[in-house]
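See below for the structure under consideration.
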Amino acid sequence: MRVIPLLLGLALSLVAPAAQAQGDFAPAITVNGRVITGYELEQRIMFLDLLRVPGDHVADAERGLIEDRLRFEAAKREGISVTPDKLTAGMEEFAARANLNLEQFLEAIGQGGIAPETYRDFVHAGLLWRDVVRKRFAGRVIVTDADVARAGSIEQGRGKGPRVLISEIVIPTSAATFVEKRDLATELVESLTSEAAFAAAARQYSAAPSRENGGQIGWIPITNLPPQLRPAVMQMQPGQISPPVALTDAIAFVRLRAVDQGGDIAPANVTIDYAQYLVPGAGTPEAAAEIARLQAEVQTCGELYEYAREHPGPELLRDVKPQPQVPAEIAAVLANMDENEIDASLSRAGMQVVLMLCDRNAFTAPGAAEIPVTAAPHEGSEIPPVNDKLGFAQGPSDEVLRAEINDQRLGAMANAYMAELRAAAIITRP
């Protein structure tokens with residue numbers, strides 16, 4: 001069974017223990033009459049603390065639990081359930097991403113104060129949502145051989161797209177050595193301060209063929225990198241080292257040496273997720289006031305749904321389309337926008353068109369993630385043998401490309417559906 005990353009929604013890391021939760025079982029939030037307790041919120045906050053990711057963990061915990069309630073409701077409406085065996089298999093597979101069996105995984109997160117039930121419910125919601133999305137949208141996603149060929153031309157550098165010049169260290173792992181190698185990778189990322197030091201470490205620890213060149217590989221498309229590394233690398237400056245990530249039987253990290261944007265990716269390979277909020281009275285002071293209020297209160301497409309529910313009257317439309325299918329006047333505006341940016345320059349039939357760019361994807365799986373690796377330093381490692389199956393110089397296969405295109409399109413549809421569910425939900429706090 002393949003548990004796709006976009007439907008699990010988060011990745012776990014195994015870190016130092018946190019204090020055991022002393023939760024409050026009183027209702028903290030209700031979602032369509034379903035209660036979220038203070039204990040659940042506290043557990044989810046601790047869960048996010050264990051991830052060591054930036055952000056407002058209180059707000060993120062609330063949002064995640066609210067959406068989990070909506071996932072359960074959607075599954076019930078669709079008549080979808082998860083058997084105990086299927087749930088256990090899902091938990092085991094997720095644990096295996098950290099090269100641990102389920103018992104070892106539960107013990108590790110338990111040391112951080114996370115109850116087994118918290119992990120179980122998290123996986124349960126993800127499995128249900130996966131099946132809901134498949135049932136509602138899988139038949140609407142068609143990935144043709146031409147789609148794969150176009151994406152492949154970008155992967156192999158025949159098309160245009162961002163390229164990176166990197167050095168890599170890929171450390172092989174097994175269930176028995178994962179914790180030790182994870183700690184080693186973390187220590188290396190924190191201690192390597194120059195290309196020369198990185199090269200020496202690559203020769204000593206990496207199992208990829210590039211170790212002979214001090215980890216250096218030539219220019220490669222950004223899409224050659226694992227999905228969980230791409231966002232980090234694109235935000236890095238030359239000379240910086242990425243966080244280590246767990247792959248299949250390996251832990252890897254890279255040092256960025258240079259970036260070449262390489263022009264735009266072919267439009268047929270780009271999917272646009274955007275919303276239109278149609279405000280009556282284009283050009284009037286009333287419409288201008290409404291748009292100003294919206295811009296002050298709305299920061300994301302999800303918030304736009306909630307705003308539209310609270311301010312009935314204007315119509316809200318949302319579309320997920322390949323770029324060539326987006327109407328020309330809208331595409332021209334969206335081309336200059338960043339995600340969650342708002343533009344109100346268009347008008348149509350007496351309506352002021354407020355555009356919001358929700359997402360722009362170039363055939364990369366959204367939210368795709370293996371287990372991020374964070375841990376305390378550890379010393380020592382034997383020199384591994386060279387493994388020509390490791391490393392990022394080779395692009396993904398047609399099968400991987402097809403799966404990524406499919407996941408990206410499903411993910412955009414799933415995100416839009418979740419925004420609709422949240423906008424329609426009755427969410428209250430005592």
Side-chain angles (χ1 to χ4, degrees), residues 1-14 20-21 23 25 27-48 50-51 61 63-139 175 178 246 248 365 367-371 403 406-407 410-411 414 417-418 421 425:
M1 181 184 68
R2 181 172 180 259
V3 182
I4 63 178
L6 71 93
L7 300 176
L8 283 177
L10 289 173
L12 293 174
S13 62
L14 308 179
Q20 179 65 36
F25 289 92
I29 303 172
T30 61
V31 183
N32 294 336
R34 290 172 170 258
V35 170
I36 297 172
T37 67
Y39 173 75
E40 289 176 285
L41 276 173
E42 189 172 341
Q43 282 277 293
R44 182 59 64 92
I45 292 167
M46 294 172 64
F47 192 48
L48 296 177
L50 288 177
L51 296 177
R63 181 174 61 253
L65 287 168
I66 287 170
E67 292 184 354
D68 280 355
R69 293 298 189 272
L70 296 174
R71 292 181 178 106
F72 277 99
E73 283 189 359
K76 185 176 181 180
R77 284 193 298 270
E78 299 286 351
I80 291 171
S81 61
V82 173
T83 66
D85 287 346
K86 189 175 180 180
L87 177 56
T88 299
M91 294 172 69
E92 288 174 342
E93 179 164 350
F94 201 88
R97 293 174 182 269
N99 287 318
L100 300 173
N101 61 37
L102 181 56
E103 182 179 355
Q104 291 169 329
F105 189 83
L106 291 175
E107 180 181 356
I109 64 173
Q111 292 174 359
I114 305 302
E117 294 79 11
T118 297
Y119 173 60
R120 178 202 63 200
D121 292 345
F122 168 74
V123 174
H124 192 185
L127 294 174
L128 287 171
W129 186 240
R130 178 201 64 182
D131 290 346
V132 167
V133 170
R134 283 180 174 175
K135 183 175 181 179
R136 289 183 65 91
F137 303 118
F178 176 79
T248 302
E370 302 286 347
I371 311 300
N406 184 80
D407 284 357
L410 272 179
Y417 181 43
M418 175 55 70
L421 294 177

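A quick note: this is a predicted structure, and the numbers were derived from the prediction, not measured.
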Review point. Taking it one step at a time, do Leu70 and Met418 satisfy side-chain contact (heavy atoms from CB on, under 4.5 Å)?
Key: CA-CA 8 Å; Leu70 296 174; Met418 175 55 70; 4.0 Å; yes
Review point. Phe72 and His124: side-chain contact (heavy atoms from CB on, under 4.5 Å), yes or no, with the steps?
Key: CA-CA 9 Å; Phe72 277 99; His124 192 185; 3.6 Å; yes
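From Leu87, atom CG reaches atom CZ of Arg120 across 7.5 Å, with rounding to the nearest 0.5 Å. Taking NZ of Lys86 as the start and CG of Leu128 as the end, the distance is 8.0 Å to the nearest 0.5 Å. Of the inter-residue distances, the one linking Tyr119 atom OH with Ile114 atom CD1 reads 12.5 Å to the nearest 0.5 angstrom. Interatomic distance, Thr118 OG1 to Glu42 CD, rounded to the nearest 0.5 Å: 10.0 Å. A distance of 7.0 Å separates CD1 of Ile29 from CG of Leu65, quoted to the nearest 0.5 Å. Note: Lys135 NZ to Ile80 CD1 = 5.0 Å, rounded to the nearest 0.5 Å.
Residues Val133 and Ala414 share a closest heavy-atom pair of CG2-CB, 3.6 Å. When every heavy atom of Ile45 is checked against every heavy atom of Ala61, the shortest pair comes out as CG1-CB, 3.6 Å. When every heavy atom of Ile66 is checked against every heavy atom of Ile36, the shortest pair comes out as N-CD1, 3.8 Å. Considering all non-hydrogen atoms of both residues, Gly38 and Ala28 come closest at N-CB, 3.9 Å. Across all non-hydrogen atoms, the minimal contact from Gly90 to Val123 is C-CG1, 4.0 Å. Residues Ala425 and Val31 come closest through the heavy atom pair CB-CG1, 4.5 Å.
Phe122 is listed as a side-chain neighbour of Arg44, based on a closest heavy-atom distance under 4.5 Å.
Although no hydrogens or angles enter the test, the distance criterion places a donor-acceptor pair under 3.5 Å between the side chain of Gln43 and the main chain of Gly113.
Tyr417 pairs by the ring pair (Phe, Tyr, Trp, His ring centres under 6.0 Å) definition with Trp129, Phe137, not counting sequence neighbours. Residues satisfying the side-chain contact (heavy atoms from CB on, under 4.5 Å) test with Thr37, not counting sequence neighbours, are Val35, Tyr39, Glu40. Residues satisfying the side-chain contact (heavy atoms from CB on, under 4.5 Å) criterion with Lys76, sequence neighbours excluded, are Arg34.
Looking at Arg71 and Glu67, a side-chain N of the basic residue comes within less than 4.0 Å of a carboxylate O on the acidic one, giving a salt bridge.
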